[in-house]
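Below: the structure, in structure tokens.
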Amino acid sequence: MHARLTREFFRRDPVAVARALLGQRLVRVLHGQRLAGLIVETEAYLGIPDKAAHTYNGRRTPRNASMWGDGGHAYVYFTYGLHHCCNVVCGRAEEPVAVLLRALEPTEGLDVMRRHRKAHMPDTNLCSGPAKLAQALAIDRKLDGADLVAGDTLFLERTRSRCVAASRIVASPRIGVDYAGEWAARPLRFHLRDHPHISRA
DNA sequence: CCCGTGATTTAT
DNA sequence: TAAATCACGGGG
């Protein structure tokens with residue numbers, strides 16, 4: 001059996017978690033079948049002071065409630081009227097910080113993922129964006145709040161490599177947050193250098 | 001590049 | 001009421 005990432009892994013600041021998640025495996029169990037991929041792109045959202053975060057200025061709504069819970073749970077939200085995105089809640093309860101999962105290199109269940117994604121496309125495009133990976137892995141609001149440590153439908157496995165070399169990680173501004181003033185430019189997006197499955201170069 | 005899509009939150 | 005949003009796919 002593959003080892004899971006532990007609760008304490010997630011109970012840290014989101015920048016540390018965003019970096020440490022690169023190379024780890026996201027697993028979705030659907031109808032008894034594993035759909036999985038290696039995480040190659042993430043973004044850290046720093047909570048109350050972060051103008052780009054859903055919990056900026058202490059916002060607490062039905063949508064973002066799970067961000068206020070303990071680390072190691074999922075925060076899945078619906079946006080633009082048609083897309084889901086999957087975050088990993090970090091820190092501890094009442095510390096509303098998270099990491100957005102932005103891209104995977106799919107490794108298990110690719111046939112099912114291709115079926116979930118509508119259009120025909122090369123495999124490098126299957127999970128190369130936050131809404132794409134959610135669609136490929138059938139992640140929606142029903143999984144909001146799911147326990148990523150003890151649950152059995154959505155979880156994270158520690159890969160053999162444990163972590164990737166810091167020199168292989170590129171930090172850059174987050175995508176789609178130009179409205180966020182000084183927070184828009186901060187290097188809180190992380191991805192594996194030159195990886196073919198990232199959402200954009 | 002622009003456009004349509006359209007749930008949810010926040011501002012007006 | 002109305003505008004804005006942690007996107008995507010398809011068409012110029």
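In what follows, chains carry the letters A, B, and so on, assigned in the order in which the sequence lines appear, proteins first and then strands, with residues in each chain numbered from 1.
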Would you mind classifying the nucleic acid contact of [X] as base, sugar-phosphate or nothing, using non-hydrogen atoms under 4.0 angstrom?
{"X": "A/Phe78", "answer": "sugar-phosphate"}
{"X": "A/Lys132", "answer": "sugar-phosphate"}
{"X": "A/Arg141", "answer": "nothing"}
{"X": "A/Ala131", "answer": "sugar-phosphate"}
{"X": "A/Ala180", "answer": "nothing"}
{"X": "A/Arg63", "answer": "sugar-phosphate"}

Review point. Under 4.0 Å between a side-chain N or O of A/Arg117 and OP1 or OP2 of C/dG9?
Key: yes
Distance in angstrom units between [X] [atom1] and [N] [atom2], rounded:
{"X": "A/His84", "N": "B/dT8", "atom1": "NE2", "atom2": "C1'", "value": "12 Å"}
{"X": "A/Ile198", "N": "C/dC8", "atom1": "CD1", "atom2": "P", "value": "13 Å"}
{"X": "A/Tyr56", "N": "B/dT9", "atom1": "OH", "atom2": "C1'", "value": "15 Å"}
{"X": "A/Leu82", "N": "B/dC3", "atom1": "CG", "atom2": "P", "value": "17 Å"}
{"X": "A/His83", "N": "C/dG10", "atom1": "NE2", "atom2": "C1'", "value": "12 Å"}

Point to revise | Proximity to the side chain of A/Tyr80 - top-ranked nucleotide from C/dT5, C/dC8, C/dG9 | key: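 The answer is C/dT5, which lies nearest to the side chain.
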Point to revise | Nearest-nucleotide pick for A/Thr61, side chain only, options being B/dT10, C/dG9, C/dA7 | key: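 Comparing B/dT10, C/dG9, C/dA7 against the side chain of A/Thr61, the answer is B/dT10.
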Revision key, fill the gap. Here DNA chain C, pairs taken as Watson-Crick or G-U under 3.5 Å and shown with ( ), [ ] when crossing and | when to another strand, reads |||||.|||||.
Practice item. State the CD-NE2 distance between A/Glu105 and A/His195, to the nearest 0.5 angstrom. Key: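 A/Glu105 atom CD to A/His195 atom NE2 measures 4.0 Å (nearest 0.5 Å).
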Exercise for review: Look at the side-chain heavy atoms of Ile, Leu, Val, Met, Phe, Trp and Tyr, link any pair under 4.5 Å apart, and say whether A/Val76 and A/Val17 land in one connected group.
Suggested key: yes
Check your understanding: Quick one: do A/Phe190 and A/Val170 end up in the same hydrophobic cluster if we chain Ile, Leu, Val, Met, Phe, Trp and Tyr together by side-chain heavy atoms under 4.5 Å apart?
Key -> no
Exercise for review: Please answer whether the main-chain N or O of A/Arg11 pairs with a side-chain N or O of A/Arg92 as donor and acceptor at a distance below 3.5 Å.
Suggested key: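 No.
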Point to revise | Of A/Thr79 and A/Gln135, the one whose closest DNA chain C nucleotide lies more 5' | key: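 Looking at DNA chain C, the more 5' nearest nucleotide goes with A/Thr79.
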Exercise for review: Would you check if there is a donor-acceptor pair between the side chains of A/Ser66 and A/Asp144 at a distance under 3.5 Å?
Suggested key: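 A donor-acceptor contact under 3.5 Å links the two side chains.
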